[in-house]
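The sequence lines fix the lettering, A, B, ..., with proteins before strands; numbering per chain opens at 1.
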Protein chains: 2
Amino acid sequence: MGRSVTNKPPVPASESSGSNRLRPNVPIAVRAANLLRRRLRQEFAHGGRLPSEHEIAVELGISRGTVRQALAILQQEGVITRQQGSGTYANPTVLGIPARIDFAYEFGQLIENSGLRADIQTLEVSTTMADADAARRLSIVDGDPVLLVRKVFLADGQPAIYGHELLPLHLVREAYAAGELEGPIFRFIERRCLTRVDYILSELVPTTASALVASLLDLAEHTPLLQFVEVMYSPRNQPLVLASIYFRDPPIRFHALRKLVPLD
Amino acid sequence: MGRSVTNKPPVPASESSGSNRLRPNVPIAVRAANLLRRRLRQEFAHGGRLPSEHEIAVELGISRGTVRQALAILQQEGVITRQQGSGTYANPTVLGIPARIDFAYEFGQLIENSGLRADIQTLEVSTTMADADAARRLSIVDGDPVLLVRKVFLADGQPAIYGHELLPLHLVREAYAAGELEGPIFRFIERRCLTRVDYILSELVPTTASALVASLLDLAEHTPLLQFVEVMYSPRNQPLVLASIYFRDPPIRFHALRKLVPLD
DNA sequence: AAGTGGTCTAGACCACCTT
DNA sequence: AGGTGGTCTAGACCACTTT
């Protein structure tokens, strides 16, 4: 009969009144994970046991299921480990890693995570034609026009990352200023392309510095270095950007975390 | 009021009678994910829409929540994409990747995923003393005895991966045969060390082939190649193994998948 | 025995897309 | 309007560790 009992949650205990939330659609579990991650980096940077699921649930005014969802995110990231019967523990080893390969989105951020000051230097913004390989990877036709952006990222003034990005021109739906392309390209896509980057697939190519890359990254020619050849995709699985990125080893050294998955 | 209603689940609809399950402690959600992953690689290798959560739940005789947990695993891996209001879709791009950096556990498996025949050649099994760097990374004392294993992995007869592994001797609790160390080292650890490898933290080091590595991997000296310097950890966060692995680029080229995480 | 994490169920409501 | 995924709650039971 009538409306059944529903339990609109009593607001996640962050800002109970005033402007209810900054972004509306961020799930409580994700916000709780973000909150706990910040606490981990502050209070638990050197390890320690977190409160129990029940205590966190009460503290944040959410259900245990939602707390578990938040903790699952952090466990997946490796920043906590959990022991049945004992508790949830911070993992200082993982918390201390500045460059996780699976979290390398904004390269400026990547540099700052390493404790360095980041500067971006835009070398070129132009339109050109896709070659055969680029066209194939972007699901467009050889010769189609693409936006080309070339950048160097500096860490404490020293060149650290060089990259060039290709964005098919047909994706751009609105007029734009050249300056807009100096920030992260996914911000540009969100603003001007009616879509967003959902995931990035990178090929890890071991290489050595060419004359061009050596001069841009202030390296001796033939110095070993890591290259990403990456394609960025929309939620609908459409290729949006083809990029090629070169990372100078000092200061950027990537880490990967592998967790064993159970089989049946 | 005696026992309340409990709902022992009606057995996951795989093998209802006989030997109930092969491994007892694998969660239904993980088994469902494994089952669906196999179906994806078979029926959905070229894309397509999966049944709805409700249909899967009915088919497998489990609740929608458990189905969602299974699908969350596959979504995290990137092999499916989901669109609210529309459905769950296979992602052929990701399904086709043979060498995901975050799934690189058994290198023999890695080679076979690329469609090649894998062979393992054990070069050396011995005990030695940890140097200062190894001791630090393994949380032991400089000079402590360690097991040393050196191997080459062949792909279709051609050398593809070279690695050496160090395992502190004090972790080994039982007598063992040298042959046991020719398989994957985490199997050895499970059998002989009263613990297991929970996760692996790898440093990605761009390098070029030394004389030794060049000869072992049948490369010209100074050929660019990717090195992993990795530490394997127990669930209690204890370092178990320090390894150094070199991957010849053909045939092994790694891929990384990065998914954007929402902030609040 | 008590506390902790691990799993699963059931149900409600919402947001979104398709028809 | 109906179906689909997205989120959250509540409760039950289990397995494990600690006291």
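Enclosure of atom CZ in A/Arg236 is not indicated, since only 12 or fewer non-hydrogen atoms of other residues, nucleotides or ligands lie within 6.0 angstrom.
The distance from atom CD of A/Glu53 to atom P of D/dT9 is 14 Å, rounded to the nearest whole Å. A straight line from CZ of A/Arg82 to C1' of C/dG3 spans 14 Å, rounded to a whole angstrom. Taking atom NE2 of B/His54 as the reference point, atom C1' of C/dG11 lies 13 Å away to the nearest angstrom. Residue A/Tyr89 contributes atom OH, which lies 12 Å from atom C1' of D/dC16 at whole-angstrom precision.
Look at B/Arg100 and B/Glu77 and you find no salt bridge, because none of the NZ, NE, NH1 or NH2 atoms lies under 4.0 Å from a carboxylate O. Using a 4.0 Å cut-off between a side-chain N of Lys or Arg and a carboxylate O of Asp or Glu, B/Glu182 and B/Arg187 do not qualify as a salt bridge. Salt bridge status for A/Glu190 with A/Arg173: absent, with no side-chain N to carboxylate O gap under 4.0 Å. Looking at B/Arg258 and A/Glu230, a side-chain N of the basic residue comes within less than 4.0 Å of a carboxylate O on the acidic one, giving a salt bridge.
Bending across the helix from C/dA1-D/dT18 to C/dT18-D/dA1, expressed as the angle between its end axes from five pairs apiece, amounts to 0° (10° rounding).
For the contact set between residues 64-75 of chain B and DNA chain D, defined by any heavy atom under 4.0 Å, the members are B/Arg64, B/Arg68.
Checked by atom type and distance alone, the side chain of B/Asn113 never pairs as donor or acceptor with a backbone atom of B/Leu110 at under 3.5 Å.
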Enumerate the protein-to-nucleotides 15-19 of chain C contacts in which both atoms are nitrogen or oxygen and the separation is below 3.5 Å.
unit_1, atom_1, unit_2, atom_2, d
C/dA15, N3, B/Gln84, NE2, 3.1

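Partners of B/Pro239 according to the side-chain contact (heavy atoms from CB on, under 4.5 Å) rule, which considers only residues two or more places apart in sequence or in another chain, are B/Leu138, B/Ser139, B/Val231, B/Tyr233. With sequence neighbours excluded, the residues forming a ring pair (Phe, Tyr, Trp, His ring centres under 6.0 Å) with A/Phe188 are A/Tyr176, listed by chain and number. Shown here are the side-chain contact (heavy atoms from CB on, under 4.5 Å) partners of B/Arg68, two or more places apart in sequence or in another chain: B/Glu53, B/Arg64, B/Arg82.
Put simply, B/Thr88 has no side-chain N or O that comes within less than 4.0 Å of OP1 or OP2 on D/dT4.
When each of B/Arg49 and A/Ser63 is assigned the nucleotide of DNA chain D with its nearest heavy atom, B/Arg49 is the one assigned upstream, toward the 5' end.
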### Task
Take A/Asn34 and A/Arg31 through the test side chain to side chain donor-acceptor pair (under 3.5 Å) and record every step on the way to the result.
CA-CA 5 Å; A/Asn34 291 340; A/Arg31 284 190 283 173; over 6 Å; no
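With rounding to the nearest 0.5 Å, the separation of CG in A/Leu36 from CD1 in A/Ile73 is 10.0 Å.
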